[in-house]
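Have a look at the structure below, then the notes.
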Protein chains: 2
Amino acid sequence: MSKELTVKQLATISGVTVRTLHHYDEIGLLKPANVGENRYRYYGEAELLRLQQILFYREFGMQLGAIAALLDRPGFDHVRALSEHRAKLAAKAERYRQLIRTIDRTIDRLNGEQLMNANDLYKGFPLERQVDYEKWLVERHGDAMKDHIADSKRALASLSGDRQRQLMTELADIECALAEKLRERVSAEAGELAPFLERHRAWVGEMWGRPCSLQAYAGLADLYLSHPDFRARYERLEPGLTGYLTSAMKAYAARV
Amino acid sequence: MSKELTVKQLATISGVTVRTLHHYDEIGLLKPANVGENRYRYYGEAELLRLQQILFYREFGMQLGAIAALLDRPGFDHVRALSEHRAKLAAKAERYRQLIRTIDRTIDRLNGEQLMNANDLYKGFPLERQVDYEKWLVERHGDAMKDHIADSKRALASLSGDRQRQLMTELADIECALAEKLRERVSAEAGELAPFLERHRAWVGEMWGRPCSLQAYAGLADLYLSHPDFRARYERLEPGLTGYLTSAMKAYAARV
DNA sequence: CTTGACCCTCACGCAAGGTGAGGGCCTATC
DNA sequence: GATAGGCCCTCACCTTGCGTGAGGGTCAAG
């Protein structure tokens with residue numbers, strides 16, 4: 001044997017701690033070349049080299065288990081392993097960039113620039129072509145729907161202008177949040193959307209003047225899908241939002 | 001009280017698990033509005049709101065402890081908190097991008113494009129202006145140095161051409177690795193540089209025909225710093241590498 | 001009065017080590 | 001040849017943010 005290194009020596013040379021070497025021994029990632037009577041660990045050239053490889057992959061945030069699997073499969077393809085890991089890193093980097101963008105937008109909103117935007121997008125919207133939606137609802141759900149619609153109109157009309165604006169702001173808030181989730185590629189079925197859908201359903205209830213049942217909520221999703229007005233509005237907010245929102249609404253209704 | 005929510009209800013509405021709420025209760029991040037005789041947890045409006053805030057910050061990878069500190073400091077500045085966290089995220093994203101670039105370069109190198117590069121940069125280098133370095137060394141360290149230099153030249157001359165090229169490739173490897181560390185903003189004093197400095201010192205020993213002591217190694221750093229040839233070469237490899245390498249060499253010599 | 005859905009409190013597990021505690025080994029110096 | 005200091009060992013608990021049971025009480029509906 002040319003040179004036997006103790007834990008401390010190998011640790012110093014390699015820039016890790018003794019505990020790390022103990023750990024790697026424990027999990028079988030890097031075993032000493034031999035172990036003395038006194039249970040001292042001794043490492044040789046080969047172990048030093050293996051440790052270099054381990055640290056190389058570890059740098060990139062690879063899991064120790066994955067590294068072990070790589071190194072212990074003889075004749076493994078470094079290039080492919082790296083490429084695969086590269087993809088994971090890219091995904092993480094992208095995720096961080098998304099989060100940063102979201103933070104930026106949130107900061108802007110907190111700074112109050114959002115109010116105009118909301119007024120812009122939402123003023124007058126829900127009253128304008130109400131008639132068409134009513135027709136569709138009645139067609140689909142029969143005459144019993146007519147009473148509901150009448151109730152709804154009375155409820156809406158009875159609200160003060162301030163309250164109406166407040167509701168529109170709430171809607172803007174919710175839809176903005178969902179649009180961001182979409183941009184972040186959060187699944188429409190994800191549980192984390194629930195809080196926003198809950199708020200959305202409550203909002204619908206407010207507009208209708210009576211609570212929105214889960215069934216009705218799922219049905220509303222179909223209305224959104226079927227009417228170009230809604231579709232156009234959502235797509236203007238964020239491409240793909242129509243399908244995203246309606247899927248989320250149905251998933252939510254089915255889940256709760 | 002308007003509405004009391006059970007754990008399950010709050011969990012479903014908010015898109016988290018029951019266990020998460022238990023956990024938040026345990027660590028004091030979100031306590032129930034009140035607790036029944038039967039130890040059931042009941043949450044109110046206020047808790048729902050607080051949970052929304054918690055989840056908002058959690059999304060960005062903020063630690064629960066930090067979130068608690070934020071929310072429990074009354075009159076805290078959301079915008080500033082977000083800005084600070086944004087900076088952290090940006091740093092992480094940047095780190096990932098660096099790693100990705102490093103992987104890309106590594107893949108390129110593994111694909112064999114490095115050989116030319118090495119030959120390009122290193123052929124003939126150490127013999128060319130050897131004379132000047134010698135003068136400097138003698139000036140600084142006195143006549144005793146002359147013998148060392150003579151030894152060194154003999155040692156170098158006695159090596160085969162193949163062996164010389166091999167040594168140059170090793171040097172290229174080490175310097176490339178250090179340049180990458182520099183690009184990744186790893187501190188020159190960091191322990192993780194040790195393996196490369198170890199190899200570098202061994203390389204110097206090979207060139208000299210005798211082991212390079214830690215003292216000599218630290219002295220060599222000064223040579224690199226003082227001579228424009230070295231400086232130019234390192235800066236061509238990566239801007240700032242001269243200072244980085246020499247700092248690392250000295251830190252390493254002092255540490256081991 | 002039973003069933004099933006919900007609630008509770010432990011308590012272990014994960015990844016990758018950090019940080020001692022308590023005790024043996026080695027070697028240099030007095 | 002004894003003692004000091006430095007290195008080595010093996011437990012074994014701590015960290016983050018929960019997941020995942022185990023074992024047992026509670027509640028509303030049929």
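In the text below, chain A, chain B and the rest are named by the order of the sequence lines, each starting its count at 1. Given the structure is predicted, the values throughout are model-derived calculations rather than measurements.
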Point to revise | Intermediate values then yes/no, salt bridge (Lys or Arg N to Asp or Glu O under 4.0 Å), A:R19 and A:E26 | key: CA-CA 10 Å; A:R19 177 64 173 103; A:E26 263 176 44; 3.6 Å; yes
Review point. Can you list the steps and then say if B:L171 with B:E175 is a side chain to side chain contact (heavy atoms under 4.5 Å, CB included)?
Key: CA-CA 6 Å; B:L171 180 61; B:E175 292 179 348; 3.3 Å; yes
Exercise for review: Take B:E94 and A:R97, measure what salt bridge (Lys or Arg N to Asp or Glu O under 4.0 Å) needs, and give me the verdict at the end.
Suggested key: CA-CA 9 Å; B:E94 178 56 21; A:R97 276 196 290 271; over 6 Å; no
Practice item. Show your reasoning for whether salt bridge (Lys or Arg N to Asp or Glu O under 4.0 Å) applies to B:K181 and B:E192. Key: CA-CA 9 Å; B:K181 295 295 180 189; B:E192 60 177 295; 3.4 Å; yes
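One finds a salt bridge joining A:E84 and A:R80 here, because a Lys/Arg side-chain nitrogen approaches an Asp/Glu carboxylate oxygen to under 4.0 Å. One finds no salt bridge joining B:R101 and B:E180 here, because no Lys/Arg side-chain nitrogen approaches an Asp/Glu carboxylate oxygen to under 4.0 Å.
For the side chain to side chain contact (heavy atoms under 4.5 Å, CB included) test with A:L30, the passing option among A:R41, A:R50, A:Q53, A:H23 is A:R50; the others fail.
Here A:V18 lies out of heavy-atom contact (under 4.0 Å) with every strand.
Contacts of residues 35-44 of chain B with DNA chain C (heavy atom under 4.0 Å): B:R39, B:Y40, B:R41.
Whole-Å rounding puts the B:L30 CG to D:dG17 P distance at 15 Å. The nearest whole Å value for the distance from the CG atom in B:L29 to the P atom in D:dG17 is 10 Å. Across the protein-nucleic acid pair, B:I54 atom CD1 and D:dT16 atom P stand 16 Å apart, rounded to whole Å. When rounded to the nearest whole Å, the span between NE2 of B:H23 and P of D:dG21 equals 19 Å. Look at CD on A:E26: it is 12 Å from C1' on D:dC9, rounded to the nearest Å. Going from atom CD1 of B:I27 over to atom P of D:dT15 covers 12 Å, rounded to whole Å.
The rotation axes computed at either terminus of the helix from C:dC1-D:dG30 to C:dC30-D:dG1 lie 30° apart, taking five pairs at each end and rounding to 10 degrees.
Contact annotation: A:T6 side-chain N/O to D:dC7 OP1/OP2 distance is not under 4.0 Å. Neither OP1 nor OP2 of D:dC18 sits under 4.0 Å from any side-chain N or O of B:H22. Note on B:R58: every side-chain N or O is 4.0 Å or more away from OP1 and OP2 of D:dG17.
From the 5' end on, the contacts that DNA chain C makes with chain B at under 4.0 Å to a non-hydrogen atom open and close at C:dC6 to C:dA11.
Distance check: B:Y217 OH to B:E198 CD gives 8.5 Å after rounding to the nearest 0.5 Å. Atom-to-atom distance recorded for B:S14:OG and B:L55:CG is 6.5 Å, nearest 0.5 angstrom.
Judged by closest nucleotide on DNA chain C, B:Q9 is the one of A:L64 and B:Q9 placed further toward the 5' end.
A:W203 and A:H200 have parallel rings, their planes meeting at less than 30° on a 0 to 90° scale where 60° marks the start of perpendicular.
Residues A:F60 and A:L89 approach most closely at O-CD2, 3.6 Å, considering heavy atoms.
No hydrogens or angles considered: nothing links the side chains of A:Y57 and A:H85 as a donor-acceptor pair under 3.5 Å.
In this structure, the nucleotide among D:dC8, D:dC18, D:dA12 sitting nearest to the side chain of A:R19 is D:dA12.
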